[in-house]
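What follows is one structure encoded as C-alpha cells, with my remarks underneath.
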Number of protein chains: 2
Amino acid sequence: MDTTQRTDQQRSADRRRRELLEAADRVVLRDGPGASMNAIAAEAGITKPILYRHFGDKGGLYAALAKRHTDALLGALRAALDAPAERRERVEATLDTYLAAIEARPQVYRFLMHPSEGGPQNEQGFDMGAYSFPLLRRMGEELADVIEERVDLGPNSQQLARVWGHGIVGMMHAAGDWWLGERPCARAELVQALADLLWGRLAAAGDKAGGPGF
Amino acid sequence: MDTTQRTDQQRSADRRRRELLEAADRVVLRDGPGASMNAIAAEAGITKPILYRHFGDKGGLYAALAKRHTDALLGALRAALDAPAERRERVEATLDTYLAAIEARPQVYRFLMHPSEGGPQNEQGFDMGAYSFPLLRRMGEELADVIEERVDLGPNSQQLARVWGHGIVGMMHAAGDWWLGERPCARAELVQALADLLWGRLAAAGDKAGGPGF
DNA sequence: CTCATGTGTTACTTGCGGTAACGGTAGCCT
DNA sequence: AGGCTACCGTTACCGCAAGTAACACATGAG
C-alpha cells in the first residue's frame, strides 16, 4: 500500500466529493440553506454517514460549498480589478461585476450571505455567519492588497488600504443587498451612484436650504 | 371585564415581559446566541411554555431582544447626526458613536450582527440573519432620510440618498466588524480613514509607480 | 481461503424548538 | 359562601435534525 494506490483512491474520493458537492448545491439552491443532511444525501443517492465521512459535519459541507462559489466570484472580481483602464473605470467594472453576479444568481448569493431564510417553509435553520463573513473578509483583504499596491496613499498606506478595502466591500455588499431586495433602479444607476459616493460627491455637494448640512 | 382590568393585567404582563427580556439578555450575553430556550427560561426562574406565550417563538424573543438594543443604538446615532456642526464633523461623530458602541459592548454587537458563534462550545446554532439585517436596514433608511433632507443632490436625489445611506452604513459596519476583530489601530484613526474615504481621497490619490492605478 | 480496507447501510442517541394537556389561584357574579 | 372564568405555571410529550455506532458487502493482496 503506497503512493499509486493511494492516488487512485484519492482520485476516486475527490470525484465522489465533487459529485456530492454538486448534489448539495442543487438541494441547497432548491430548498434553501435549511436543507437537511438527509435531503442532501438523498439527492446524491446515498445516506448521511457518507456525507459525514467526507465533510466531517454540516459546517464542513457548507464551507466547502461556499468556497466553490466564493472562489468563482473572487476570480471574476480579480479579473475586473486587473483590467487595463482608468481607476474609475475599474472601480465601476468591479462594482458591476459583483452586482451582476448577485443579480444573476440570487439563490447562490442568499446562500452565501443570508444562510437562513430560504425555502418555502423555513424553520429552525442553521448556525451560519460562519460562511458568509469569510467571503466578505476575503474580498476586503484582496481589495486592500490591490489598493495598497496601486494607489499612492503616503505614510500609513497599509492600514489605510485595509480600512478602505473592508469599507468599500461593505458598502458594495450592503447596497447590493438592499438593491437586490427592492430593485429600485437599474444596475448601471446603482454602479454610478456608488462610484459617485466613492469619488467624494458627498463632500462636494452643497447643503439644502433650511439649515446646516449633513 | 373591561379597560381597568385589562390595563392592570397588561401592565403586569408588560413588566413580566421586561423581566423575561432582561433574563434572556443575560443568558444570551453569557452563552452566546446559541442559548437554548430552556436555559433562558431557567435564568428567568420559569419554564419554556411561558416564554412561548409571551414571544410566540424563538424568533420573536430574539427580535424583541434585538429591538431593544437596536433602538438604543439608533437613538445615539440620531443624536450624533443631529448635532449642530459642519458636515464632516457630523459624519465623524456618527462614525465614532457607532464604533464606540460596538467597542464598548462587543457581546451585544456580536449578538446583533453575527448571531451564530458565541459561547465556548457553540454548535448547532440558530437561523438568524433575520435579526441582524433589520438593524442595518433601519440604519440605512434613517441615514438616507437625513441625507435626502439635508444634502443638495440635484435631480434623482431620493434614490441617490437611499443608495448612499445603505452604502455608507454597510461601509461602517464592515469596517467596524473587521476592526473589532483585529484591533489594528485606535478608534480615532479608523474614523479618520473612513471619513477620508467618504471625502473622496481615493479619487484624489495618485497612482503608485509601476502601472495604472486602481 | 482469508483478511484488510473502503463503501455503504440501518438503527440509534442526544438535544433542540415547539405544544398539548393538566393544575392551582385570584377575582367576579348571583 | 359557592361556583365560574381567566390566567400563570407546570410536566410530559412530539417531531425533527445533527451526528454516531455497529454492522454488511465487495474487492484485491498474500
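Protein chains get the first letters and strands the later ones, always in sequence-line order, with residue 1 at the start of each. Quick note: numbers below take in every heavy atom, side chains included, and nothing from hydrogens, waters or symmetry partners. Here the structure is a predicted model, which means the values were calculated and not measured.
Looking at which nucleotide of DNA chain D each of B/H54 and A/N38 is closest to, the 5′-most match is held by B/H54.
For the pair B/I46 CD1 and C/dG24 P, the interatomic distance rounds to 20 Å; values are reported in whole Å. D/dA17 atom C1' lies 14 Å from atom CG of A/L61, rounded to whole Å. Regarding B/L51, its CG atom lies at a distance of 13 Å from the C1' atom of D/dC8, rounded to whole Å. Atom C1' of nucleotide D/dA18 and atom CZ of A/F55 are separated by 16 Å, given to the nearest angstrom. Following rounding to the nearest Å, B/M37 (CE) and D/dG15 (P) show an atom-to-atom distance of 20 Å.
Side-chain proximity of A/I50 to C/dG8, C/dG17, D/dT11: nearest is C/dG8. The listed nucleotides are C/dT9, D/dT10, C/dG17; the one nearest the side chain of B/K48 is C/dG17. Of the candidates D/dG9, C/dG17, D/dA18, C/dG17 carries the atom nearest the B/Y52 side chain, counting heavy atoms from C-beta on. Among C/dG18, C/dT19, D/dA18, the nucleotide with an atom closest to any side-chain atom of B/K58 is C/dG18. The A/D57 side chain lies nearest to D/dG19 when the options are D/dA21, D/dG19, C/dG18.
Residue contacts for A/T47: at a heavy-atom cut-off of 4.0 Å it reaches a base atom on one of the strands shown.
Phosphate proximity of D/dT10 to B/R53: absent, as no side-chain N or O sits under 4.0 Å from OP1 or OP2.
B/R162 forms no cation-pi arrangement with B/W164, by the criterion of a distance under 6.0 Å to the ring centre and an angle within 45° of the ring axis.
By the 4.0 Å N-to-carboxylate-O rule, B/D71 lies too far from B/R78 to be salt-bridged with it. Between B/E142 and B/R138 there is no salt bridge, since no side-chain nitrogen of the basic residue lies less than 4.0 Å from a carboxylate oxygen of the acidic one. Salt-bridge formation is detected for the pair B/R88/B/D196: a Lys NZ or Arg NE/NH1/NH2 atom is positioned less than 4.0 Å from an Asp or Glu carboxylate oxygen.
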